[in-house]
Amino acid sequence: MSAAVPPNGFRNALVLGGGGAVGLTWMAGVVTGLSAAGIDATLADRIVGTSAGAITAAVITGGLDPERLLNPPERPGVSGELRVNPNGLTEILGELFALGLEPDEFRRRVGERALAAGAGDPAEHVARMANLIGAEAWPERELLVTAVDVTTGRRQVWTPGGKATLAEAVASSTSVPGVFPPIPIGGTVYIDGGLYSPVNADLAAGAEFVLIIEPLAHLFPRSPSDSELGGAATQSIAPDAAAIAAIGSNLFDPAAREPAFREGVRQGGEAAVRLKDVWPTA
């Protein structure tokens, strides 16, 4: 790679995908393992976060240790724990998959069901995310957080300086339909960015190299748009067989978080060997 700054102003991108509470800890483990082996994920020129990836992105761009995601901090009146009905999303999607809807209409209908599900207080979810990420302000860097507009079914990309606070952006990106409440921001309501794509890798288009960490690659294929990277070289870190076994089938199982984290640390250390010649150094 040349030393000159490319015309679009960024060279390396980090894409962090969705993963539920357990995939979140696996991903936190990967970032921890990379760091221990000399690969600093935060040196990416652009970071894209979707759902659990939005949480991880907010934590690491805020300069905090991703291991905080293994044992969520507690604050009076705000629980770091995610006690949910993991079947809420399955119940909603089961009603709609058979209808053969166009993607935007499908996501709009999912949004309608999510609004009707009554999965909690949006303000409480925003507060939970604020406590979890440990940061109030957007970082002074290029961070993109994805969500889906319930009204249109289209993707919304939150960035610093936009109408969403960091906690609101992360809350909307993690608003799994039927599990967490849709999040109102600026007169519109938003749900999980993973409904558009598990990773939203196309938002890294223009980079020369893209690292994609995708906790649910074994469950959800990438969207067609994720291949629209403009010829960028890519590497992916996804759960291997041992990590898949540790993650298990319930992505919100508290007992699976620590085993998933340990497997993530191992895989991060292994992946670091492949990244030493392509990832930036401080």
Side-chain angles (χ1 to χ4, degrees), residues 13-20 23-24 27 46-58 88-90 92-97 99-115 117 119 122 125 129 142-159 162-164 168-186 188-207 210 212-230 232 234 236 238 251:
L14 173 66
V15 174
L16 302 171
L24 170 66
M27 183 161 41
R46 172 178 292 182
I47 298 179
V48 178
T50 294
S51 200
I55 297 173
T56 306
L89 177 61
T90 302
I92 289 177
L93 297 185
E95 301 174 8
L96 297 173
F97 269 134
L99 299 181
L101 302 170
E102 291 298 315
D104 285 352
E105 179 62 13
F106 175 80
R107 289 186 288 267
R108 193 186 68 77
R109 295 277 195 96
V110 171
E112 288 179 347
R113 300 296 197 282
L115 284 168
H125 189 53
M129 291 299 103
E142 195 166 6
L143 172 60
L144 283 61
V145 173
T146 67
V148 167
D149 184 327
V150 167
T151 304
T152 65
R154 297 175 184 169
R155 181 171 65 187
Q156 169 68 40
V157 181
W158 303 116
T159 59
K163 63 182 178 180
E168 288 173 336
V170 172
S172 68
S173 189
T174 59
S175 176
V176 181
V179 178
F180 298 117
I183 304 300
I185 301 171
T188 306
V189 182
Y190 300 91
I191 54 175
D192 197 320
L195 267 292
Y196 187 89
S197 160
V199 291
N200 289 285
D202 61 304
L203 295 175
V210 181
I212 304 173
I213 304 179
E214 42 190 332
L216 301 185
H218 59 295
L219 295 177
F220 300 109
R222 295 181 189 175
S223 299
S225 61
D226 290 322
S227 63
E228 299 172 4
L229 288 172
T234 65
S236 173
L251 298 177

### Pro182 side chain near Pro122 side chain, heavy-atom distance below 4.5 Å
no
### Task
Please name all residues satisfying side chain to side chain donor-acceptor pair (under 3.5 Å) with Ser173, sequence neighbours left out, ordered by chain then number.
none
### Query
Is there side-chain contact between Val15 and Ile213, with heavy atoms separated by less than 4.5 Å?
no
### Query
Atom OG1 of Thr146 and atom CG of Asn200: how far apart are they, to the nearest 0.5 Å?
4.0 Å
### Query
With the threshold set at 4.0 Å, does a side-chain nitrogen-carboxylate oxygen contact exist between Asp149 and Arg154?
no
### Query
Can you check whether Ser225's main-chain N or O pairs, donor with acceptor, with Ser223's side chain at less than 3.5 Å?
no
### Message
Quick test of your reading: applying salt bridge (charged side-chain N to carboxylate O under 4.0 Å, His left out), list the pairs with at least one residue in residues 194-204, sequence neighbours left out, ordered by first then second residue.
### Response
Arg155-Asp202
### Query
How far does CH2 of Trp158 sit from CD of Glu168, to the nearest 0.5 angstrom?
8.0 Å
### Query
Does a side-chain heavy-atom distance below 4.5 Å link Ser175 with Tyr190?
no
### Message
Do Leu115 and Val150 make a side-chain contact, defined as non-hydrogen atoms from C-beta onward lying under 4.5 Å apart?
### Response
yes
### Message
Is it the case that the side chain of Arg107 and the backbone of Gly153 share a donor-acceptor pair, with hydrogens and angles ignored and the cut-off at 3.5 Å?
### Response
yes
### Query
Less than 4.5 Å apart, any side-chain heavy atom of Thr234 and any of Leu229?
yes
### Residue list, side chain to side chain donor-acceptor pair (under 3.5 Å) with Gln156, at least two apart or on another chain
none
### Message
Measuring only between side-chain heavy atoms, which start at C-beta, is Lys163 closer than 4.5 Å to Ile185?
### Response
yes
#### Entry: Separation between CE of Met27 and CG of Leu216, rounded to the nearest 0.5 Å
8.5 Å
### Query
Which heavy-atom pair separates Ala207 from Ala13 by the least distance, and what is that distance?
CB-CB, 4.0 Å
### Message
Please give me the minimum heavy-atom distance between Ala52 and Gly20, naming the atom from each residue.
### Response
CB-O, 3.9 Å
### Query
Would a 4.5 Å heavy-atom cut-off, applied to side chains only, mark Leu195 and Val110 as touching?
yes
#### Entry: Separation of Thr159 OG1 from Leu144 CG (nearest 0.5 Å)
6.5 Å
### Query
Applying salt bridge (charged side-chain N to carboxylate O under 4.0 Å, His left out), which residue pairs with at least one partner in residues 221-230 are found, sequence neighbours left out?
Glu214-Arg222
### Task
Please round to the nearest 0.5 Å and tell me the distance separating atom CZ of Arg46 and atom CG of Leu203.
7.5 Å
### Query
What's the shortest heavy-atom distance between Ala57 and Leu143, and which atoms?
CB-CD1, 3.6 Å
### Message
Within the structure provided, determine whether Thr50 and Leu16 are in side-chain contact (heavy-atom separation under 4.5 Å).
### Response
no
### Residues forming a side chain to side chain donor-acceptor pair (under 3.5 Å) with Thr56, sequence neighbours excluded
none
### Task
Mind checking side chain to side chain donor-acceptor pair (under 3.5 Å) for Ser51 and listing every partner two or more places apart, or none if nothing turns up?
Asp192
## Note on the structure
So CD1 of Ile191 and OH of Tyr196: to nearest 0.5 Å the spacing works out to 13.5 Å
### Message
Walk me through whether Met129 and Thr174 qualify under side-chain contact (heavy atoms from CB on, under 4.5 Å).
### Response
CA-CA 9 Å; Met129 291 299 103; Thr174 59; 3.7 Å; yes
